[in-house]
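Naming convention: chains lettered A, B, ... in sequence-line order (proteins, then strands); numbering from 1 in each chain. Fair warning: this is a prediction, and the values are worked out from it, not measured in the lab.
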Protein chains: 2
Amino acid sequence: MTQPDSAEKDDFDLRNFLPFLLNQAAEESSLDFQKVYKNRYGMLRTEWRVLFHLGNYGEMTAKQIGERAKMHKTKISRAVHKLEQRRYLRRTRDENDRRMERLTLTPAGLTVYRELRDIARDYDARLAGMFTTGEAALLRMMLRRLVGMD
Amino acid sequence: MTQPDSAEKDDFDLRNFLPFLLNQAAEESSLDFQKVYKNRYGMLRTEWRVLFHLGNYGEMTAKQIGERAKMHKTKISRAVHKLEQRRYLRRTRDENDRRMERLTLTPAGLTVYRELRDIARDYDARLAGMFTTGEAALLRMMLRRLVGMD
DNA sequence: GGATAATAGTTGATTTTGTAACTAACAACC
DNA sequence: GGTTGTTAGTTACAAAATCAACTATTATCC
């Protein structure tokens, strides 16, 4: 592993490249939590995202979830189907605009959501525990800014 | 979108959940740069990652790349094949241990690497420009810690 | 030194994602 | 009020990721 670019100065360092670091961190930070909803509930990432949105925000349409989660509508469509099959959510067509349907969690879905939410909360605390309170707050703030949430 | 959990206090906020935020930020921050290597060189994410590792660190084996990039070996195997087809890299079997092969960029591969590296550098600067110098440094530090790089 | 286990990398089958075309319902415009 | 354009969501097909089984080579250990 010699530097091929030692002649020209290659001051670029992949290990500090933000998109790379963010991807690594995202991957790493999702892994343990993923095991829970995957092994315990047989859910995919797309599915828990939909579940979490409905649990956290309440009734939403597929469109709205797509906007908030930045997920493509086909992913959502399929996730909704799976969650419906498992009786975690119910869909009711909007009578004012019959193109869209209102999605809500069933009691069973809400139970699962609450369980996963509690685990998520602990998990988040564990991650945040790697930093001081101020640092963690700053981290969230910066990530929100990167995402355009502020 | 009413809060279904208003009875019990649901102080969990998906918008501040670190794994979610990290995923969003990673997605967002990869998108623009992805367009470059995708549209301009027809490369996949896996492929530019391998290319960047070889360009940035010099000669490596597939195994080593897998460890650093936390990519599964099948992904790497396929990415290496593609890059080889495009004559961006060359593989030579290690004579001491004939199971592995040393991967190096060809001059053509190095040229592409340098071009993408420069774009990456600019792009990174643009992202970092959303924060003060100190904040950006802290962000990188925190991400590295999350990834277990420190 | 020969059997057994481990390692580097590949291949094939399955699952998941991405892309584009589609249906159904509504909106806008003339 | 009918044509044209948009929007919500689905479906079909192609591309890519995941998982398990495989080959070839080296290491271990009796």
Side-chain angles (χ1 to χ4, degrees), chain A residues 1 23-24 26-28 30-31 34-35 37-39 41-51 53-54 59-86 89-104, chain B residues 1 23-24 26-28 30-31 34-35 37-39 41-51 53-54 59-86 89-104:
Chain A
M1 289 206 306
N23 264 288
Q24 298 278 94
E27 201 65 33
E28 180 72 23
S30 297
L31 223 72
Q34 180 171 41
K35 280 175 198 149
Y37 58 74
K38 192 167 187 177
N39 298 340
Y41 298 102
M43 275 198 271
L44 258 34
R45 181 137 65 188
T46 50
E47 288 156 34
W48 87 250
R49 278 203 185 170
V50 169
L51 185 89
H53 273 78
L54 293 175
E59 181 181 281
M60 293 178 85
T61 68
K63 180 81 190 311
Q64 289 173 315
I65 297 175
E67 281 161 1
R68 295 221 186 193
K70 288 193 185 121
M71 286 169 63
H72 196 270
K73 54 185 183 170
T74 59
K75 269 206 238 182
I76 295 174
S77 176
R78 292 192 256 246
V80 165
H81 275 278
K82 285 254 180 67
L83 292 173
E84 193 186 26
Q85 277 170 22
R86 271 174 215 150
L89 70 74
R90 191 176 16 244
R91 54 209 322 184
T92 56
R93 198 153 282 284
D94 186 315
E95 280 308 322
N96 290 340
D97 184 343
R98 299 184 43 72
R99 282 173 301 185
M100 62 190 176
E101 37 196 19
R102 322 185 149 279
L103 308 171
T104 48
Chain B
M1 292 209 304
N23 263 288
Q24 298 276 95
E27 199 67 32
E28 181 73 22
S30 298
L31 224 71
Q34 179 171 41
K35 279 177 199 147
Y37 58 73
K38 191 166 188 178
N39 298 340
Y41 298 101
M43 275 200 272
L44 258 34
R45 179 136 69 186
T46 52
E47 289 156 34
W48 87 249
R49 279 203 184 170
V50 169
L51 185 90
H53 273 78
L54 293 174
E59 181 181 280
M60 294 178 84
T61 67
K63 180 80 191 310
Q64 289 173 315
I65 296 175
E67 281 161 2
R68 295 222 187 193
K70 291 198 184 115
M71 281 169 66
H72 196 271
K73 55 184 183 173
T74 60
K75 267 204 241 181
I76 294 174
S77 176
R78 281 164 178 140
V80 166
H81 275 278
K82 285 255 180 67
L83 291 173
E84 193 187 25
Q85 277 172 21
R86 269 171 219 156
L89 70 77
R90 191 174 18 245
R91 52 210 320 184
T92 56
R93 197 153 284 283
D94 185 314
E95 281 308 322
N96 290 340
D97 184 343
R98 298 183 44 71
R99 283 171 303 185
M100 60 191 178
E101 37 196 21
R102 321 185 148 283
L103 307 171
T104 49

Grab the [atom1]-[atom2] distance between [X] and [N] for me, whole Å please.
X: A:Met43; N: C:dT16; atom1: CE; atom2: P; value: 14 Å
X: B:Arg78; N: D:dA15; atom1: CZ; atom2: P; value: 15 Å
X: B:Ile76; N: C:dT10; atom1: CD1; atom2: C1'; value: 13 Å
X: B:Leu44; N: D:dA14; atom1: CG; atom2: P; value: 18 Å
X: B:Asn39; N: C:dG18; atom1: CG; atom2: P; value: 16 Å
X: A:Ile65; N: D:dT10; atom1: CD1; atom2: P; value: 11 Å
X: B:Lys75; N: C:dT11; atom1: NZ; atom2: C1'; value: 18 Å
X: A:Lys73; N: C:dT17; atom1: NZ; atom2: P; value: 18 Å

Mind checking the [atom1]-[atom2] spacing from [X] to [Y]? Nearest 0.5 Å is all I need.
X: A:Ser30; Y: A:Lys35; atom1: OG; atom2: NZ; answer: 11.5 Å
X: B:Arg102; Y: B:Asp94; atom1: CZ; atom2: CG; answer: 4.0 Å
X: B:Glu47; Y: B:Lys38; atom1: CD; atom2: NZ; answer: 11.0 Å

Classify the side chain of B:Arg45 and the base of C:dG18 as holding, or not holding, a donor-acceptor pair under 3.5 Å.
no

Could you check B:Arg45 against A:Asn23 for side-chain contact (heavy atoms from CB on, under 4.5 Å), going step by step and ending with a plain yes or no?
CA-CA 11 Å; B:Arg45 179 136 69 186; A:Asn23 264 288; 4.0 Å; yes

Short side-chain N/O contact to C:dG9 OP1/OP2 from B:Ser77, under 4.0 Å:
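No.
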
Can you tell me if the side-chain N/O atoms of A:His81 get under 4.0 Å from OP1 or OP2 in D:dG9?
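So the side-chain polar atoms of A:His81 never come under 4.0 Å of the phosphate oxygens OP1 or OP2 of D:dG9.
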
Minimum-distance pair of heavy atoms, taken over all atoms of B:Leu51 and B:Leu83
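Taking B:Leu51 first and B:Leu83 second, the nearest heavy atoms are N-CD1, 4.0 Å.
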
Smallest separation among heavy atoms of A:Thr46 and A:Lys75, with atom names:
CG2-CD, 3.3 Å

Scan A:His72 against the nucleic acid and name what it touches under 4.0 Å (heavy atoms): base, sugar-phosphate only, or nothing.
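Here A:His72 touches the bases of the nucleic acid.
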
Heavy atoms under 4.0 Å, any strand shown: does B:Thr74 hit a base, just sugar-phosphate, or nothing?
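Contact class for B:Thr74: base.
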
Applying salt bridge (charged side-chain N to carboxylate O under 4.0 Å, His left out) to B:Arg98 and B:Glu95, what does each step give before you reach the verdict?
CA-CA 5 Å; B:Arg98 298 183 44 71; B:Glu95 281 308 322; 3.2 Å; yes

Judged by atom type as modelled, is there a donor-acceptor pair below 3.5 Å linking the side chain of A:Arg93 to the main-chain atoms of A:Arg99?
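Yes, A:Arg93 side chain to A:Arg99 backbone: donor-acceptor pair under 3.5 Å.
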
Using heavy atoms to find the nearest nucleotide of DNA chain D for A:Lys63 and A:Lys38 separately, return the residue whose nucleotide is more 5′.
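Upstream on the strand: A:Lys63.
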
DNA chain D nearest-nucleotide lookup for A:Glu67 and A:Glu27: closer to the 5′ end is A:Glu67

Using five base pairs at each end, measure the axis-to-axis angle across the helix from C:dG1-D:dC30 to C:dC30-D:dG1 and round it to 10 degrees.
20°

Carboxylate-amine/guanidinium proximity below 4.0 Å for B:Arg91 and B:Glu84:
yes

When you compare the protein's N or O atoms with those of nucleotides 23-27 of chain C, which come within less than 3.5 Å of each other, and at what distance?
{"residue": "C:dC26", "atom": "OP1", "partner": "A:Arg98", "partner atom": "N", "Å": "2.8"}

Side chains of B:Arg49 and B:Met71: closer than 4.5 Å at any heavy-atom pair?
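A side-chain contact exists here, since the closest heavy-atom pair is under 4.5 Å.
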
